[in-house]
2 protein chains.
Amino acid sequence: MSPQQPMTAPTLDEVAVAAGVSRSTASRAINGGEKVSPEAQAAVDAAVARLGYTPNRAARSLVTRRTGSIALVIPEPDGRVLADPFLAGTLRGMSQALEPTDLQLVLLIDRPGHHSDRIVRYLRGGHVDGAIIASHHAGDDLEVAVRGLPAVFIGRPYVATEGILYVDVDNVAGSRMAAERLVAAGRRRIATITGPSDMGVAQDRVEGWRAALTAAGLDADLSADGDFTLTGGALAMQDLLARDPEIDGVFAASDLMAQGAMRVLQTAGRSVPRDVSVVGFDDLGIAASTAPALTTIRNPVEEMVRTAADVLLDDLEGRGRATRPVLFSAQLVERASV
Amino acid sequence: MSPQQPMTAPTLDEVAVAAGVSRSTASRAINGGEKVSPEAQAAVDAAVARLGYTPNRAARSLVTRRTGSIALVIPEPDGRVLADPFLAGTLRGMSQALEPTDLQLVLLIDRPGHHSDRIVRYLRGGHVDGAIIASHHAGDDLEVAVRGLPAVFIGRPYVATEGILYVDVDNVAGSRMAAERLVAAGRRRIATITGPSDMGVAQDRVEGWRAALTAAGLDADLSADGDFTLTGGALAMQDLLARDPEIDGVFAASDLMAQGAMRVLQTAGRSVPRDVSVVGFDDLGIAASTAPALTTIRNPVEEMVRTAADVLLDDLEGRGRATRPVLFSAQLVERASV
DNA sequence: TTGTACGCGTTATCAC
DNA sequence: GTGATAACGCGTACAA
């Protein structure tokens, strides 16, 4: 007879019996092994391996008063643009960061029109030990929702509430580099296509663009909202072109929008980069695959997410709580669109 | 004094006291309300609302012997192509399907080189009530892992084990339509770029292509593996072109690969669709945005995922278990690449 | 219809 | 270093 897999999962008691120790000792041996003799430890380890024991999360949670799971709040990707590199990178980073832990990842996807009520309730309902907020807009109540809950934002929150933790790329410096690159290329009429104005990240990227232009003595009046989507970028480019056909440089606050803008430019008979130079933001894959390939600012999403997770874990484990935001430096990636 | 939020979440006992009933009555009123008087029900409802009571999942799981969460197993997206529309669509569909439930979504992302050991262990460890497997390859042990666990595959499993449930698009019919469209366009030398040969979906798409060509009296010898990635598609196209420069039609088993193939064709001086017609598979966003826009076969990912979730939920709720695969019909989307 | 009592599997407290 | 024992919050027979 081959060893049958029992229908019911092995319990701590069974492990204890198999190891010839008490349940308490078995428990201690399994959790860190403090105050347990080498022999007992070995016996328990063997029993665990032989029985294929896995702690019952529910029972453990009940007594530790921790859920053993942390939330990842992400925005609903735009309905038309299913392929969202930022989302994919975020998931991947979180998954990696949590792998050594036995923490579960609870995905909270924000559906449009729901005012994120559901998410706020969930967060406040004590269902998770902590949260990572991957993107948030003004007025979505997320800062409030995480009050009293260990949380880290990815991307600067819209309002700079005291004590809110976040990791971000240095958007101001990055977009300044982008605009400076356009200036250095001899461009004089430089527009920007922005993200949603109710997002801190989008604000910062406008600011950097404006600073560079002002410093170069250029007008910083050509700005249009592109919503971080492909079609949004295209629409914004059309608008800009109508406002000033003499545009010779464009900084788009995301590569997706830059891609949409380039298409509109090319359709309008402008060659990139001969007539118009374009710089994007993100470098999450599509920048390398556009025609021409896009000069852009690298956004280290996965590193940011892993860092956010580490900060959160430190807080959870009581290893001390970070007190200030973490900023990753931006980096210009030269390609063919300037 | 405004009502202070107590540090500790309200318990069922407190609800019962507040409602003036016993804890069992409160419990019944909350879970479905069988055998409970209207007055008691109203009192409990009021108390729940006033106290902001949320059942403790851990305690509930402990006694119901259900974890209250289901797993979504997805493959690691290719390192270079972070933007995977299939992944995004899958997540979105699952999230929607689970929203009315109080089930949690546990994301199991397959990291390359791990032989999915971790995932198999997790699945067998009794941590979830059921599982949806979004993609799987031959030899990843996932069919074994879900033995005895309610599970639904998205996309036909590599080996057709008896009793394994799955939902899929009719890949054979779809790819046959794709190839027939190329034949109808007058193409005579028609190649295919396939997905990984260890995936059932990829096999089926080759089969449909072959069937259409054979029926038309054409050779079905030009096939190259593209791995479902952009660069994979490009490499495969180079290979095909080297094997036969006279190629005038290409069916790629995914839009991403079709995009890569089109680039290679254009670089090689072939105009699409004047010299070579191209048909893709998926229509998940990128097909509409390539140049020229891609004629393709629609892959109803979100519908499939929602269906898979519904099938799984039916099983979990004991509402009867589906006994056979669900096939969605394929649909040709005409654009400009043929 | 309502209430009482028990057990789910684990960790934590305390004597030993 | 070890082992009883008491919670943790909930669902549910079973008795009333």
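Remember, it's a predicted structure, so these values are computed and weren't measured experimentally. All chains are named by letter (A, B, ...) in the order of the sequence lines, taking the proteins before the strands, and each is independently numbered beginning at 1.
Remark: A:Arg23 engages A:Asp13 in a salt bridge, criterion side-chain N to carboxylate O under 4.0 Å. Look at A:Arg50 and A:Asp45 and you find no salt bridge, because none of the NZ, NE, NH1 or NH2 atoms lies under 4.0 Å from a carboxylate O. For B:Arg60 and B:Asp102, the salt-bridge test passes: some basic side-chain N is under 4.0 Å from an acidic carboxylate O. Salt bridge B:Glu302/B:Arg92: present, at least one basic N to carboxylate O contact under 4.0 Å.
Regarding A:Lys35, its NZ atom lies at a distance of 14 Å from the C1' atom of C:dA12, rounded to whole Å. Atom CG in A:Asn56 sits roughly 13 Å away from atom C1' in D:dC8 (whole-Å rounding). Rounded to a whole Å, the CG atom of A:Asp13 is 13 Å from the C1' atom of C:dG7. One can place CD of A:Glu34 at 16 Å from C1' of C:dT13, the figure rounded to the nearest angstrom. The CD1-C1' distance, from B:Ile30 to D:dG9, rounds to 12 Å in whole Å. Rounding to whole angstrom units, CZ of residue B:Arg60 and C1' of D:dG9 are separated by 11 Å. If you take CZ of A:Arg66 and P of D:dG9, they are 16 Å apart, rounded to a whole angstrom. One atom, CZ of A:Arg23, and another, C1' of D:dG3, lie 10 Å apart when rounded to the nearest Å.
The CD1 atom of A:Ile154 sits 8.5 Å away from atom OG1 of A:Thr307, with the distance rounded to the nearest 0.5 Å.
Taking 4.0 angstrom as the limit, A:Arg65 places none of its side-chain polar atoms (N or O) nearer than this to OP1 or OP2 of D:dA7. Within the 4.0 Å cut-off from OP1 or OP2 of D:dG9, not a single side-chain nitrogen or oxygen of B:Tyr53 is found. At C:dG3, one or more side-chain N or O atoms of B:Ser22 fall inside 4.0 Å of OP1 or OP2 (strictly under the cut-off). For C:dT1, the OP1/OP2 oxygens have no side-chain nitrogen or oxygen of B:Thr25 closer than 4.0 Å. Here B:Asn31 reaches the OP1 or OP2 of D:dG11: one of its side-chain N or O atoms lies under 4.0 Å away.
In the set C:dT1, D:dG11, D:dC8, the nucleotide with an atom closest to the side chain of B:Ser37 is C:dT1. When the nucleotides D:dG11, D:dA4, C:dG9 are ranked by their closest atom to the side chain of B:Thr64, D:dG11 comes out on top. Closest contact between the side chain of A:Ala40 and the listed nucleotides C:dT10, D:dT2, D:dG11 involves D:dT2. Checking C:dT4, C:dC8, D:dG3 against every side-chain atom of B:Val63, the shortest atom distance belongs to C:dC8. Set against D:dC8, D:dT12, C:dT2, the side chain of B:Ser24 has D:dT12 as its closest nucleotide.
For the pair B:Val36 and B:Leu62, both in contact range of DNA chain C, the more 5′-proximal nearest nucleotide belongs to B:Val36.
Between B:His136 and B:Ile133, the shortest heavy-atom distance links the atoms CB-CG2, 3.9 Å.
Within the nucleic acid shown, B:Thr11 comes within 4.0 Å of sugar-phosphate atoms alone, with no base atom in reach, counting heavy atoms only. Counting any heavy atom pair closer than 4.0 Å across all strands shown, B:Arg28 reaches a base atom.
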